[in-house]
Structures are given as structure tokens and as C-alpha cells.
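Down below is the structure, laid out as C-alpha cells.
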Amino acid sequence: MTDQTTTAPTQSEERDYDEYRVIEDLGGWKRTHTCNELTAADLGREVTLMGWVQFRRDHGGLIFIDLRDREGLTQTVFSPEGDADAKQAHERAHAIRIEYVVALRGIVSRRPEGMSNPGMLTGEIEVVVQQWKLLNTSDTPPFPIEDRVDAAEMLRLKYRYLDLRRPRLARNLILRNKAAQSVRRYLDSLGFLEIETPVLTKSTPEGARDFLVPSRMTQGAFYALPQSPQIFKQLLMVAGLDRYFQIVKCFRDEDLRADRQPEFTQIDIEMSFPDEEQVMAMAEGLVRTLFSETIGAELPASFPRMSFQQAMDEYGVDKPDVRFGLKLADVKDIFAGGGFKVFAAAPCLKAMRVPGGLELSRKEIDDYTEFVKIYGAQGLAWIKIKEDGEWQSPIVKFFSEDEKARLAECLGMAPGDIVFFQAASADVANASLGNLRLKLGERFGLIDEGAFAPLWVTDFPLLEYDPEDKRWVAKHHPFTSPQPGQMDTIATDPGGALARAYDLVLNGSEIGGGSIRIHTPAAQKAMFQALGISDGEAEEKFGFLIEALKFGAPPHGGIAFGLDRIIMILTGAKSIRDVIAFPKTQKATCLMTDAPNVVAKKQLRELGIQVREKAAANQTEDKQAEA
RNA sequence: GGAGCGGUAGUUAAGCUGGUUAUAACGCCGGCCUGUCACGUCGGAGGCCACGGGUUCAAGUCCCGUCCGCUCCGCCA
């Protein structure tokens, strides 16, 4: 063990601290406080803290250990002076390392004059340790457990339990719990019953791709995981339970986004005998209570509303961020029949005036041009209005004087502005300018990050055309009631029929949506017919619902909130993964458990399932590559 | 299905137009240190440059392919 080589002799022998690293039992010790609650009011108390070692500062003499638990940090001190216990505690403390789990017993003391740390809630005091127990050691963590260091997300997801030790993530989960409790209290106080619905249920043809679960008992048949408990909550209304809610996992096998996971959580709500106003009033109360009780934010007493049509016209999207302006304008009429063919011939021509946009560089405009191409745009036309009023633009030379005058008036153009144009299909024009608007809102600092701007979007179309399937599909879902008198419109003008549906948008994020449902068998059948679902198929897929509607289904409606997205807004998280304890990667895998994974042949045989050769070969290759 | 960004010590990054032994900081190991708080200080160890091909006298660097992570389009009633 002793090194006999020619290295220079050290002044003292190197020590092996392992003799101090013997893991002990709690031995009856009980935690008396968390690491975020001791203050000067506790001076002189003997306390017992338990937690993880955040930092150690070993001065040879004094040793400082910052102890962490989910609540916070407390500084503890080991001194070489004091009684025999304290001396021994100090000697052994040289062996403590980061992330060791320890129990410390000592006296709450005031820090010496000028040594308090105003940055810590417990910064006035420290615990002078008399005895301590090593509850567990820790390998050096693969990344620092600190908010200020951001490790690669791949690593964080693999060692998720370490990532969750970081205060920022722990705080998000703590707030999530607070939010869930707030929702439960609010809904309970209004007489809503929390009722669980099945996770193993039936695949439905409309909507997102289902996750399937093979049945062992009925070979060749599959359950589906619910995209939402929609039909069950309607059946609970038929059952006369009157008011239902559930904080519930939903599953959709679609591609992921920064705010989308394949399994996510809804606050699902349904009530009997309401109209839109009652559902929306209840929902506003829920959101107001939630924001007030979790982060102390007071939302407006009544949320503004906007029709879907107005949202698309003015913001280009169905979930407008109304924290700032930069509205879009339809300028098609001005250039219709004019000499500039690109504008005159476009099915849709929209413009967005950006005050201060004169300062945009050529490179920035080029970048924005690339940006809108994502949404299918061919290019991005623009006009800068210089301080002297002159228009600078590659396209103005094609405009007539009359067109220029009408445009200037329509948009209220002023020196210092830039105006962007999009001539395209309505979908492309709206999507490209609507998303460019968000980018410019950030670029020009128009977004008040501390503001909360809720908005109801109403009067959604009942149906939208699916060019792929060449048929009309429900925009919300096929159980949504048309607005009064719209049933006839479905036949004459399917796209023009309006639904009794509403979305709640907050800061440009869709956080909830619902509708008044169809509650008569005749109307439900008519809807299926409009969607091109045959009687036979309707019977097979939704027969139980139509049947139920025959037995005195009350008028009912409800709403579902995306809890994850709400928590994102409450915590300021940029990614949905930061508000979920164990999230999945963009490829919908879990780096910690390595799910999904192959299963034993025996399991497949029991289920009557055979994996196709090609898929099986891919899996084998994957596993070999990892090995 | 498609577009973009990224992958180099344990970690975070640098590494230009290919050219000696691949840098730095933090962390880790050890010495010294009684008021630190991201302690200080001295020394040390630590690398399949994601993986597989190719070009070249020479590849972390150039080319092709694959895998993985992230953002976006499509998709998400």
C-alpha cells in the first residue's frame, strides 16, 4: 500500500478516510426540522437534521457542510474544539463528500458578527454539530446537483432522480402538488365528485393515434389507453352523478413537442344542465383560484373572449398571445385586380405592421424569410418606412399610387415601421405571419413576461376538412353540440357550422378546451352521419354511447385543462419535461428505465402476438449496438 | 415522413484553412489551512474526440452513412 517510489516525501502521511465511511443506522434518531426552517428564533435549540451534502468547505480546522433537503439549505459547522463527542465528530467529518446522506445533531447558533449570509433563508444561523451519523455514501454524481449548472438533457434524463434533487425541478414538482390540491379543493367545494375512469378501454376511430394494449384473455383483441376520459365522463352525467372531475393521465401516440408528451395530465371536468356561460364561469374561477393559491397572481375577474374567426383574422392562430399587439390585417381588397400579380392573384393577402421595424437588418429580414418558409411560405415581402417617409422595399415599384395610399391608410403606416406581407393560401398566410408575429414580439421586447393574459376563444367551426381522408372531421370531437340552428348548416355548408365549443388560451398557450355535448341519440346519429361514419360503424364504435343517450341523458357539458401546460406557465418552465417527474424523450423513450423494450418470447406467446420479422430485426440490431 | 442545431476528460466548453504530446475551468484524489458559504492554496490522476466507413503522407477537424439528445414542420378530435 505504501508507495516506495522516488517521489518527494510528503510532510505527513496520506490518509485513507474509508475507516470513517461506515454506514450507520438511524439508531432511533428522529429528524426535528427541515433544512429551510431554522432561524434566529431557534437559537440554542438542539436539533437533528437529515439530508444530502450540498457543499463542504474543509478548512482543516473548521469544516462547513451545507445540508440540503427538498425544502432548502442549512449551514452546519464541525469544530475541532468542544467535548469529546464534538472532537470526534469533527475528525470523522473530513471523510464527508458531496451527496453523502447524513444525520446531524447539534445546537442552533448565531453566526459570528458579519458572517451571516443574506442569500440564505437560514443565513443568520448555523448548526454546530456535536454528533453525526453517516446514513449513506454517494458516488460522485455524473453532473453537479445545482441549478446554476445545466448538464446535457440526455444525462439529466438518465439520472432523473439526481436531476430532481436540483432545487429548480423539485420546486416545480412541489408547486405541481400545490396546484393539484388547489384544484381539488375548488372543485370539491362546488360539489364535483372525483371519480376514476378506466385506463384499459376501447379504441375510438376519431382523433389521435391510440396506444394499444394486447388482451391475453381475448387473443387478437386490444385495449386502448384513453386519449381522454371523454365518453366516460358523459356516461357519468347520464348516470345522474351531476358533477364530475378527475386529475387524470391521458395518452396520445403522436410526435412530441416542447409542450407535448405522449402521456400527460388533464384536469377533466363535466357537469349536468349547464350552458356555456356556467362552464366558463366555473372554469374561470378554477384558474383564478389556482393562480392565486400557487403563485399569488391575481387574474382578471372576467376573462375576455374572441371568436375563432377573429383570432384567425387578427392573429393568424387559434390561440393568440394577446399580451401584445402586432395584429394582422387583410389587405387583399386593396390589391385585387391590381398590377402586382403576386398580390393580386393570391387567395389570401395579409399584412403586419411592426412599429420600430425600420431598424431590422437585412440579415434579420433574411432570417425571418427563412423562418416563414417553415410554414410553407414562398417568401416574405416587406416595406420599410424611413424617417423621411420614403418607402424602401423591393416590391413597392409594382404598386399604384392609389394602392399605396389605401395601404398606408388601412395599416396606419408611419415612419420607423416595417410592414410584412404574406400572399398565399389562407392557411399559409395565417400560419407564417401568425408565428412571425410571436418572434417579432420577442425581438422588440413587446411581451411582458410577468403578465397573464387569459382569453376565451369561442365559436369554433364544428367541422374541418381533412384533405388526406377527403372527408369532414370534427374539429373538437364528434360529441360536440352544434350551435342552435346549425344542424341544417352542416348539410349545406359543413365548414360554416359553428360548435358550442370554447378554448381557454393563456399567453398564447392552449391550456383548456371544452364544449356543450350532444345529448340526444338523434343529434348524435346526425353528427356521425355528417362525419361520414356509417350507421354500422357508429354502432360498433360508439353504440354504447348512443344507447346511453336513449335513457334520459341530461344536457351536459364540460372542459378539460392541460395540467402540465398550466404548471409550465406557473413555473416559467420552457419544457414540459421540467414539470413532469419522469418524462420521455422526443422519441418517446425513457432513458432511465430504457422503456420501451423488447419482451420475452413467452410473454408474446401468451398474448398471441408475433412481431413482424423486419421489426424484430431492428430491435435486435438496436440491442446489439448498445451492447 | 421532413428541416435545423448539437455529441471532445466525470461535467461545461475551446480546438480557425487537416500538421508536434488534444486545451481550459469546475469536479475527483491527496497535502496544507479555525469563519467559510461556488472557501483558499499546492500537487496529482483522468480522453475509443458518439459509432462505422471513406478521402489523405497525415483526420477531433473534410466527405458519406448510422445512432443518440434538443427545437420545429407534418401529426396532435
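Note: hydrogens, waters and symmetry copies are ignored here, and every other heavy atom, side chains too, is used. Here the structure is a predicted model, which is why all the values come from computation and not from measurement. A, B, ... follow the sequence lines: proteins, then strands. Residue 1 opens every chain.
- Stacking of the aromatic ring of A/His59 onto the base of B/U36 is not found under the criterion of centres within 5.5 Å and planes under 30°.
- In this structure, A/Lys439 atom NZ and B/U71 atom P are separated by 14 Å, rounded to whole Å.
- Here B/C67 sits opposite B/G7 as a Watson-Crick or G-U wobble pair (both hydrogen-bonding atom distances under 3.5 Å).
- Base contact: A/Glu126 has a heavy atom under 4.0 Å from a base atom.
- Taking atom NZ of A/Lys158 as the reference point, atom P of B/A50 lies 17 Å away to the nearest angstrom.
- Among the heavy atoms of the strands, none lies under 4.0 Å from A/Leu256.
- Distance check on atom P: B/A13 versus B/U8 gives 9 Å, rounded to whole Å.
- Distance check on atom P: B/C63 versus B/A24 gives 29 Å, rounded to whole Å.
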Please assess A/Phe64 against A/His59 for the test ring pair (Phe, Tyr, Trp, His ring centres under 6.0 Å), listing each intermediate value before the final yes or no.
-> CA-CA 8 Å; A/Phe64 296 93; A/His59 291 224; 5.5 Å; yes

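- Stacking of A/Phe64 onto the six-membered ring of B/U36 is present: less than 5.5 angstrom between centres, less than 30° between planes.
- Salt bridge A/Asp466/A/Arg471: absent, no basic N to carboxylate O contact under 4.0 Å.
- Contacts of A/Asn117 with the nucleic acid, taken as non-hydrogen atoms under 4.0 Å apart, include base atoms.
- Nearest to the side chain of A/Leu62, among B/U36, B/A38, B/U34, sits B/U34.
- Between A/Trp456 and A/Asp503 the shortest side-chain heavy-atom distance does not fall below 4.5 Å.
- A donor and an acceptor atom never sit less than 3.5 Å apart when one is taken from the side chain of A/Glu254 and the other from the base of B/G74.
- Two residues, A/Lys574 and A/Ala208, neighbour RNA chain B, and the one matched to the more 5' nucleotide by heavy-atom proximity is A/Lys574.
- At the heavy-atom level, A/Phe479 lies nowhere under 4.0 Å from the strands shown.
- Between the side chain of A/Arg252 and the base of B/C76, no donor-acceptor pair of N or O atoms lies under 3.5 Å.
- Residues A/Arg577 and A/Gln586 bring no donor and acceptor atom of their side chains to less than 3.5 Å of each other.
- Residue A/Ile98 has its side chain nearest to B/C28 when only B/U71, B/C28, B/G35 are considered.
- Contact of A/Arg257 with B/C70 (side chain to base): no donor-acceptor pair of N or O atoms is detected under 3.5 Å.
- As judged by a 4.0 angstrom heavy-atom cut-off over every strand, A/Thr76 is placed among residues making no nucleic acid contact.
- When the side-chain nitrogen and oxygen atoms of A/Ser116 are compared with OP1 and OP2 of B/C37, none of them lie within a distance under 4.0 Å.
- Base contact: A/Glu81 has a heavy atom under 4.0 Å from a base atom.
- Checked by distance alone, A/Arg577 brings no side-chain donor or acceptor within 3.5 Å of a matching partner on the base of B/C70.
- Within the nucleic acid shown, A/Pro478 comes within 4.0 Å of at least one base atom, counting heavy atoms only.
- Taking only side-chain atoms of A/Ile374, from C-beta outward, the nucleotide of B/C73, B/G69, B/U11 with the closest atom is B/C73.
- The same atom, C1', is picked in B/A9 and in B/C26; the two are 12 Å apart, to the nearest Å.
- Using the six-membered ring where Trp is involved, A/Tyr159 and A/Tyr161 have ring planes that are perpendicular, over 60° apart on the 30 and 60° scheme.
- One C1' atom belongs to B/U41, the other to B/U36, and the distance between them is 14 Å to the nearest Å.
- Side-chain contact between A/Ser515 and A/Phe479: absent, with no pair of heavy atoms (C-beta onward) separated by less than 4.5 Å.
- To the nearest whole angstrom, the two C1' atoms, one in B/U23 and one in B/C33, are 30 Å apart.
- At B/C68, one or more side-chain N or O atoms of A/Lys587 fall inside 4.0 Å of OP1 or OP2 (strictly under the cut-off).
- B/G46 and B/U34 are spaced 32 Å apart, taking the P atom of each and rounding to whole Å.
- Between the NZ atom of A/Lys584 and the P atom of B/C76 there is a distance of 21 Å, given to the nearest Å.
- Scanning atom types as modelled, no donor and acceptor separated by under 3.5 angstrom connect the side chain of A/Arg57 and the base of B/A38.
- Rounded to an integer number of Å, the gap from CZ of A/Phe55 to P of B/G40 is 11 Å.
- The nucleotide whose nearest atom lies closest to any side-chain atom of A/Met115 is, among B/G35, B/C75, B/C72, B/G35.
- Note on A/Thr204: nothing from the nucleic acid sits closer than 4.0 angstrom, heavy atoms only.
- At B/G30, one or more side-chain N or O atoms of A/Arg97 fall inside 4.0 Å of OP1 or OP2 (strictly under the cut-off).
- The residue from A/Leu67, A/Asn136, A/Leu134 that alone fulfils the side chain to side chain contact (heavy atoms under 4.5 Å, CB included) condition with A/Val101 is A/Asn136.
- Using a 4.0 Å cut-off between a side-chain N of Lys or Arg and a carboxylate O of Asp or Glu, A/Arg500 and A/Asp459 do not qualify as a salt bridge.
- Mapping A/Gly114 and A/Pro142 onto RNA chain B via the closest heavy atom, the residue that lands nearer the 5' end is A/Pro142.
- Note on A/Asp58: a base of the nucleic acid sits closer than 4.0 angstrom, heavy atoms only.
- In this structure, the CG atom of A/Asp255 is 13 Å from the P atom of B/G69, given to the nearest Å.
- Comparing the P positions of B/C49 and B/U11 gives an interatomic distance of 14 Å, to the nearest angstrom.
- Here B/A9 presents its P atom at 11 Å from CG of A/Leu155, a figure rounded to the nearest Å.
- Taking the C1' atom of each, B/A58 and B/U17 are spaced 16 Å apart, rounded to whole Å.
- Of the side-chain N and O atoms in A/Thr585, one or more sit less than 4.0 angstrom from OP1 or OP2 of B/G69.
- Rounded to a whole Å, the CZ atom of A/Arg148 is 17 Å from the P atom of B/U11.
- Distances shorter than 4.0 Å separate none of the side-chain N or O atoms of A/Arg156 from OP1 or OP2 on B/U11.
- Look at CG on A/Asp259: it is 16 Å from P on B/C75, rounded to the nearest Å.
- When both pairing distances are held under 3.5 Å, B/A24 makes a Watson-Crick or G-U pair with B/U12.
- In this structure, A/Phe542 and A/Phe528 have parallel ring planes: the angle between them is below the 30° cut-off, well short of the 60° mark.
- Counting non-hydrogen atoms under 4.0 angstrom, A/Leu73 reaches nothing in the nucleic acid.
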